[in-house]
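Note: hydrogens, waters and symmetry copies are ignored here, and every other heavy atom, side chains too, is used. Along the sequence shown, the residues carry numbers beginning at 1.
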Amino acid sequence: MRATARYPDDVGYDMRDVAVLAGRALADDKYIQNAAETSFALELVADHGVAMPGWDEAAKPPSGPERVETPAETACAASLEGLSVVQIGFDSNGRLVRLSAVGGHLQAPVREPDDIINEERFRAWSLEYPYQYGLDESSPNLFYTTTANLRLSELPEGPVVVAADARLQLFPPNIFYLGDDFSGRTRPMAAVPSLAWLKGAQQKGVIGDGRLCAWISTAVGRPESTTLPMIAERLHPTLTEYGFTIDNGPTLPESFEGATLAVITAHGGIHHKEGFFQVVSDEGILRVPPGDLAAALRNVGTVVLFVCSGGRHDKHPGAHTTLGLARQILDRGSQAVIASSWPLDSRVPSH
């Protein structure tokens with residue numbers, strides 16, 4: 001590995017060539033017979049451009065593996081904490097390689113059959129999804145029909161943390177079709193940018209000063225623009241019951257930094273052609289880029305986003321890293337973001 005970059009924004013560019021070489025290694029059947037080496041290559045195609053949680057004066061990217069065995073050791077150590085760690089990534093031929101760490105041990109690497117999943121079908125899916133899941137009501141089985149050929153042949157039982165290829169992080173891990181249902185229906189699922197980030201988050205420990213905060217702007221620009229005020233009214237009893245500090249102002253919250261939990265309700269918009277998350281807005285005059293909201297949530301322990309497409313991750317067009325609101329919030333020091341990758345119905349937050 002080359003020397004660690006000074007800034008997270010540089011890492012994605014530094015990793016482009018490394019990820020290409022790792023993909024070629026994963027395409028070699030002999031190479032993936034060795035679980036530790038497979039874990040190393042899969043870690044190199046993950047996203048190393050997200051800063052470590054809870055940073056103080058300057059955002060720092062996670063350190064690259066010091067040894068070939070380091071990612072495997074990280075996965076095995078994490079898998080002793082009551083969860084399983086699954087690494088997935090595409091090889092240079094577009095085939096998916098999967099490796100699981102369960103109970104402190106690596107299982108044998110698996111190259112998923114082409115009829116289970118491949119990169120070409122994933123790219124075709126990504127032209128419309130996950131965005132269309134929040135808009136297309138023509139078929140009640142849309143999730144099933146569109147992911148029938150984007151599945152995994154097996155996953156460990158119980159809670160699973162997925163460290164995916166940066167190219168694959170657009171796909172929410174809970175909708176990987178597994179057997180007769182989605183993986184997220186049968187086990188808790190979460191995703192991390194990389195194993196190095198996971199290791200850093202575990203070493204940091206829980207962050208937050210104990211405050212519970214919520215921001216829902218109730219500003220109204222037109223008489224018919226009442227969605228956010230309606231949601232604020234519905235959420236008020238629950239937020240009050242649990243002692244949240246509630247901000248209904250028309251500007252981004254200024255005092256949420258360092259809180260334990262922040263619930264954010266706003267409109268989110270993606271670029272109509274490129275698909276990248278572009279703007280956070282209310283129903284008044286507020287229109288801000290996602291980085292501004294992320295900055296207002298610096299070092300918040302957990303952020304819950306009731307924001308359309310707030311959980312969407314996109315591959316950076318010129319670097320081996322990702323883009324998106326949730327990613328930027330993590331980059332500003334948060335440890336966890338709970339968010340939807342597609343547009344949300346206004347009834348979702350209160351439920």
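- Pairs engaging residues 158-180 under the ring pair (Phe, Tyr, Trp, His ring centres under 6.0 Å) rule: Trp125-Phe171, Tyr144-Tyr177, Phe171-Phe176, Tyr177-Phe182 [sequence neighbours left out].
- When side chains are defined from C-beta on, Asp115 does not count as touching Asn149, because their heavy atoms never get closer than 4.5 Å.
- Atom NZ of Lys315 has more than 12 heavy atoms from other residues, nucleotides or ligands within 6.0 Å.
- Crowding of Glu120 atom CD: a count of heavy atoms from other residues, nucleotides or ligands under 6.0 Å not exceeding 12.
- Of the charged side-chain nitrogens involved, none lies within less than 4.0 Å of a carboxylate oxygen, so that Lys30 and Asp28 do not count as a salt-bridged pair.
- Residues Val303 and Ile338 have side chains not in contact (no heavy-atom distance under 4.5 Å, counting atoms from C-beta outward).
- Between the side chain of Glu254 and the main chain of Ala296, no donor-acceptor pair closer than 3.5 Å is present.
- Between Ala262 and Leu297, the shortest heavy-atom distance links the atoms CB-CD2, 4.1 Å.
- A side chain to side chain donor-acceptor pair (under 3.5 Å) with Thr321 is found for one member of His313, Arg327, His316 and no other, namely Arg327.
- Val263 and Met230 fall within a single hydrophobic cluster, where Ile, Leu, Val, Met, Phe, Trp and Tyr are joined by side-chain heavy atoms under 4.5 Å apart, directly or via other members.
- Side-chain contact check for Ser84 versus Val161: every heavy-atom pair is 4.5 Å or farther apart.
- At least one donor-acceptor pair under 3.5 Å links the side chain of Glu43 to the backbone N or O of Leu195.
- A salt bridge links Arg312 with Asp314; the closest basic N to acidic carboxylate O contact falls under 4.0 Å.
- Although no hydrogens or angles enter the test, the distance criterion places no donor-acceptor pair under 3.5 Å between the side chain of Ser281 and the main chain of Arg287.
- Between the side chains of Asp47 and Thr322, at least one donor N or O sits under 3.5 Å from an acceptor N or O.
- Taken from CG in Asp282 to OG1 in Thr265, the straight-line distance is 12.0 Å, to the nearest 0.5 Å.
- Of the possible polar contacts, none joining the Thr147 side chain to the Leu150 backbone as a donor-acceptor pair under 3.5 Å is found.
- Contacts classified as ring pair (Phe, Tyr, Trp, His ring centres under 6.0 Å) and involving residues 330-351 (residues at least two apart or in different chains) are given here: Tyr133-Trp342, Phe143-Trp342.
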Could you go step by step and tell me if Asn118 and Leu96 meet the side-chain contact (heavy atoms from CB on, under 4.5 Å) rule?
CA-CA 6 Å; Asn118 67 28; Leu96 188 83; over 6 Å; no
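- Between His48 atom NE2 and Ser63 atom OG the span is 10.5 Å, to the nearest 0.5 Å.
- In this structure, Thr70 contributes its side chain and Pro65 its backbone to no donor-acceptor pair below 3.5 Å.
- When only modelled atom types and interatomic distance are considered, Asn248 and Thr218 share no side-chain donor-acceptor pair under 3.5 Å.
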side-chain contact (heavy atoms from CB on, under 4.5 Å) for Val288 and Val279? Distances and angles first, verdict last.
CA-CA 6 Å; Val288 296; Val279 64; 6.0 Å; no
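- A donor-acceptor distance shorter than 3.5 angstrom exists from the side chain of Ser79 to the backbone of Cys76, with no hydrogens or angles considered.
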Please walk me through it: do Gln335 and Thr302 pass side chain to side chain donor-acceptor pair (under 3.5 Å)?
CA-CA 6 Å; Gln335 282 185 317; Thr302 299; over 6 Å; no
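- Side chains of Ser255 and Arg211: no donor on one and acceptor on the other come within 3.5 Å.
- The two residues Ala35 and Leu99 have their closest heavy-atom pair at O-CD2, 3.4 Å.
- Using a 4.5 Å cut-off on side-chain heavy atoms (C-beta onward), Lys199 and Pro62 make no contact.
- A pairwise comparison of heavy atoms in Pro53 and Ser334 identifies CB-O, 3.9 Å as the closest pair.
- Smallest separation of non-hydrogen atoms from Ala266 and Val280: CB-CG1, 3.9 Å.
- Between Val97 and Leu42 the shortest heavy-atom distance is O-CD2, 3.8 Å.
- At a cut-off of 3.5 Å, with distance as the only test, no side-chain donor of Glu283 or Thr226 sits close to an acceptor on the other residue.
- In terms of heavy atoms, Ala72 sits closest to Ala36 at CB-CA, 4.1 Å.
- Legend: salt bridge (charged side-chain N to carboxylate O under 4.0 Å, His left out) pairs involving residues 91-112, not counting sequence neighbours, sorted by first then second residue: Asp29-Arg111, Asp91-Arg111, Arg98-Glu112.
- Looking at Arg298, its side chain does come within 3.5 Å of a backbone N or O of Trp55 through a donor-acceptor pair.
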